[in-house]
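Down below is the structure, laid out as structure tokens.
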Amino acid sequence: MTGIDAEEIDITRDVCPMTFVRTRLALDRLPPGGRLQVRLRGEEPLNNVRRNAELLGHRVAMHEAQADGLTHVLLIIKKMS
């Protein structure tokens with residue numbers, strides 16, 4: 001996902017629940033309509049981060065699985081306030 005204007009975080013070394021804690025902190029720092037690119041590893045963080053972001057009213061605009069099959073990149077769009 002190159003060429004996308006977004007803040008980026010890498011939580012590939014974190015485990016739940018820290019995966020979403022770090023994502024939530026990054027989302028809270030974004031302005032309304034901001035974008036956050038999250039790099040994570042494994043199905044559990046993928047499902048938890050996606051579900052919790054959507055529960056908070058944000059939109060997951062893009063999900064890209066990497067070649068290793070374990071690493072994923074989500075592009076989360078912060079909701080408008």
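It should be emphasised that the depicted structure is a prediction, and the values quoted were computed from it without experimental measurement.
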Please walk me through it: do V38 and F20 pass side-chain contact (heavy atoms from CB on, under 4.5 Å)? CA-CA 10 Å; V38 182; F20 189 68; over 6 Å; no
Working to the nearest 0.5 Å, report the span between [atom1] of [X] and [atom2] of [Y].
{"X": "L56", "Y": "R51", "atom1": "CG", "atom2": "CZ", "result": "11.5 Å"}
{"X": "H72", "Y": "R39", "atom1": "NE2", "atom2": "CZ", "result": "10.5 Å"}
{"X": "T71", "Y": "E64", "atom1": "OG1", "atom2": "CD", "result": "11.0 Å"}

Side-chain heavy atoms of [X] within contact of [Y], under 4.5 Å:
{"X": "L27", "Y": "H58", "value": "yes"}
{"X": "L74", "Y": "R50", "value": "yes"}
{"X": "H63", "Y": "L46", "value": "yes"}
{"X": "V49", "Y": "I76", "value": "yes"}
{"X": "R41", "Y": "D68", "value": "yes"}

Could you go through the side-chain contact (heavy atoms from CB on, under 4.5 Å) check for L30 and E7 one step at a time? CA-CA 8 Å; L30 289 178; E7 295 293 321; 3.4 Å; yes
I'd like to know if the side chain of K78 and the backbone of P32 have a donor-acceptor N/O pair within less than 3.5 Å. no
Residues R35, L75; criterion side-chain contact (heavy atoms from CB on, under 4.5 Å); working and verdict: CA-CA 7 Å; R35 298 175 181 201; L75 179 66; 4.1 Å; yes
Tell me the side-chain hydrogen bond (donor to acceptor under 3.5 Å, both in side chains) pairs involving residues 12-22, sequence neighbours left out? D10-T12, D14-R22
What are the two closest non-hydrogen atoms of [X] and [Y], and how far apart are they?
{"X": "L36", "Y": "A6", "value": "N-CB, 4.3 Å"}
{"X": "A26", "Y": "I9", "value": "CB-CG2, 4.0 Å"}
{"X": "I77", "Y": "G33", "value": "CG2-O, 4.2 Å"}

Cluster companions of M18 among Ile, Leu, Val, Met, Phe, Trp, Tyr (side-chain spacing under 4.5 Å):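 For the cluster that includes M18, the remaining residues are V21, L25.
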